[in-house]
Amino acid sequence: QVQLVESGGGLVQAGGSLRLSCAASGRTFSYSDMGWFRQAPGKEREFVAAIRWVGGSTRYADSVKGRVTISRDNAKNTVYLQMDSLKPEDTAVYYCAAKGPYGSAWPLSSPNQFDYWGQGTQVTVSS
């Protein structure tokens, strides 16, 4: 199994930047592609970004392209989400997710394609 812990959320002014971190542990981590999702009150959980663990291929939602960068540090078993030019509409709880050794192949963009989830970190963007 995989355990995920998000950090780095907080309050930021519109136009500002924030970097989220997701620390992962577990024997299956190196086999897992990783993703970030977000969920605002009253809305469905939506895809933000994903990264292929081997090779580092990335994929982004259209709503965040050009403003968000996903990256990973294999040595630290950590995935990051750098967010720039933040907007109030980016306000949500952000979740880190990992795919297990079985399941859908890359590319990944649906919550159902991921097997492990963190508890989330709140991001609030003020105007």
Side-chain angles (χ1 to χ4, degrees):
Q1 65 170 337
V2 175
Q3 288 76 234
L4 306 174
V5 180
E6 303 98 332
S7 62
L11 176 64
V12 65
Q13 189 177 20
S17 299
L18 207 60
R19 189 180 76 159
L20 307 183
S21 298
C22 175
S25 61
R27 293 187 295 276
T28 63
F29 181 77
S30 62
Y31 299 91
S32 301
D33 298 329
M34 305 288 293
W36 285 95
F37 291 79
R38 66 186 183 186
Q39 187 167 24
K43 296 184 178 180
E44 295 182 341
R45 188 167 299 188
E46 67 173 349
F47 170 74
V48 176
I51 185 167
R52 201 168 193 177
W53 195 253
V54 179
S57 298
T58 58
R59 188 177 183 87
Y60 299 95
D62 290 340
S63 60
V64 300
K65 281 184 178 179
R67 302 189 297 119
V68 167
T69 302
I70 187 171
S71 61
R72 84 265 192 260
D73 187 329
N74 292 19
K76 295 182 178 181
N77 290 323
T78 301
V79 64
Y80 304 95
L81 187 71
Q82 176 68 42
M83 302 187 292
D84 302 310
S85 301
L86 285 165
K87 307 173 182 179
E89 63 198 67
D90 294 318
T91 296
V93 176
Y94 283 70
Y95 297 91
C96 177
K99 198 184 81 65
Y102 310 106
S104 301
W106 183 266
L108 307 174
S109 60
S110 171
N112 295 136
Q113 295 176 300
F114 293 84
D115 300 294
Y116 306 102
W117 296 83
Q119 290 191 319
T121 184
Q122 176 71 47
V123 171
T124 302
V125 184
S126 63
S127 58

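All residue numbers refer to positions in the sequence shown, counting from 1.
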Linked, directly or transitively: [X] and [Y] (ILVMFWY side chains, under 4.5 Å):
X      : Y      : answer
Val93  : Leu86  : no
Phe47  : Tyr116 : no
Phe114 : Leu20  : no

If you round to the nearest 0.5 Å, how far is [atom2] of [Y] from [atom1] of [X]?
X      : Y      : atom1 : atom2 : value
Phe37  : Glu44  : CZ    : CD    : 12.5 Å
Tyr60  : Leu81  : OH    : CG    : 8.0 Å
Met34  : Thr78  : CE    : OG1   : 9.0 Å
Leu18  : Thr121 : CG    : OG1   : 8.0 Å
Gln122 : Leu11  : CD    : CG    : 9.5 Å

- [ ] Identify whether NZ of Lys or CZ of Arg in Arg19 sits under 6.0 Å from the centre of the six-membered ring of Tyr80 and within 45° of that ring's axis.
- [x]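 Yes, Arg19 and Tyr80 form such a contact.
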With a 4.5 Å limit on heavy-atom distance, are the side chains of [X] and [Y] in contact?
X      : Y      : result
Glu6   : Trp36  : yes
Tyr95  : Leu4   : no
Val125 : Val123 : yes

Closest non-hydrogen atom pair between [X] and [Y], with its separation:
X     : Y      : value
Ala14 : Ser127 : CB-CA, 4.3 Å
Ala50 : Leu108 : CB-O, 3.7 Å
Val64 : Val48  : CG2-O, 3.5 Å

Task: Pair Arg38-Ser63, side-chain contact (heavy atoms from CB on, under 4.5 Å): steps then yes or no - done: CA-CA 12 Å; Arg38 66 186 183 186; Ser63 60; 3.8 Å; yes
TODO: Tell me, yes or no, whether the heavy-atom count around Gln13 atom CD, taken from other residues, nucleotides or ligands under 6.0 Å, exceeds 12.
DONE: no
Open item on the list: Just checking Arg59: does its CZ atom have more than 12 heavy atoms from other residues, nucleotides or ligands closer to it than 6.0 angstrom?
Closed with: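 Atom CZ in Arg59 is not crowded, with 12 or fewer foreign heavy atoms closer than 6.0 Å.
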- [ ] Take Met83 and Asp90, measure what side-chain contact (heavy atoms from CB on, under 4.5 Å) needs, and give me the verdict at the end.
- [x] CA-CA 10 Å; Met83 302 187 292; Asp90 294 318; 5.9 Å; no
TODO: Apply side chain to side chain contact (heavy atoms under 4.5 Å, CB included) to Ser85 and list each qualifying residue two or more places apart in sequence or on a separate chain.
DONE: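 By the side chain to side chain contact (heavy atoms under 4.5 Å, CB included) rule, Ser85 matches Arg67.
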Open item on the list: Show, in sequence, the C-alpha distance, side-chain angles and deciding distance for Trp117 and Cys96, and conclude whether the side-chain contact (heavy atoms from CB on, under 4.5 Å) test is met.
Closed with: CA-CA 6 Å; Trp117 296 83; Cys96 177; over 6 Å; no
Open item on the list: Check this for me, if you would: do Asp62 and Lys65 make a salt bridge, where the nitrogen-to-carboxylate-oxygen distance has to be below 4.0 angstrom?
Closed with: yes
Open item on the list: The test is side-chain contact (heavy atoms from CB on, under 4.5 Å); show your working for Asn74 and Trp53 and say whether it passes.
Closed with: CA-CA 8 Å; Asn74 292 19; Trp53 195 253; 3.5 Å; yes
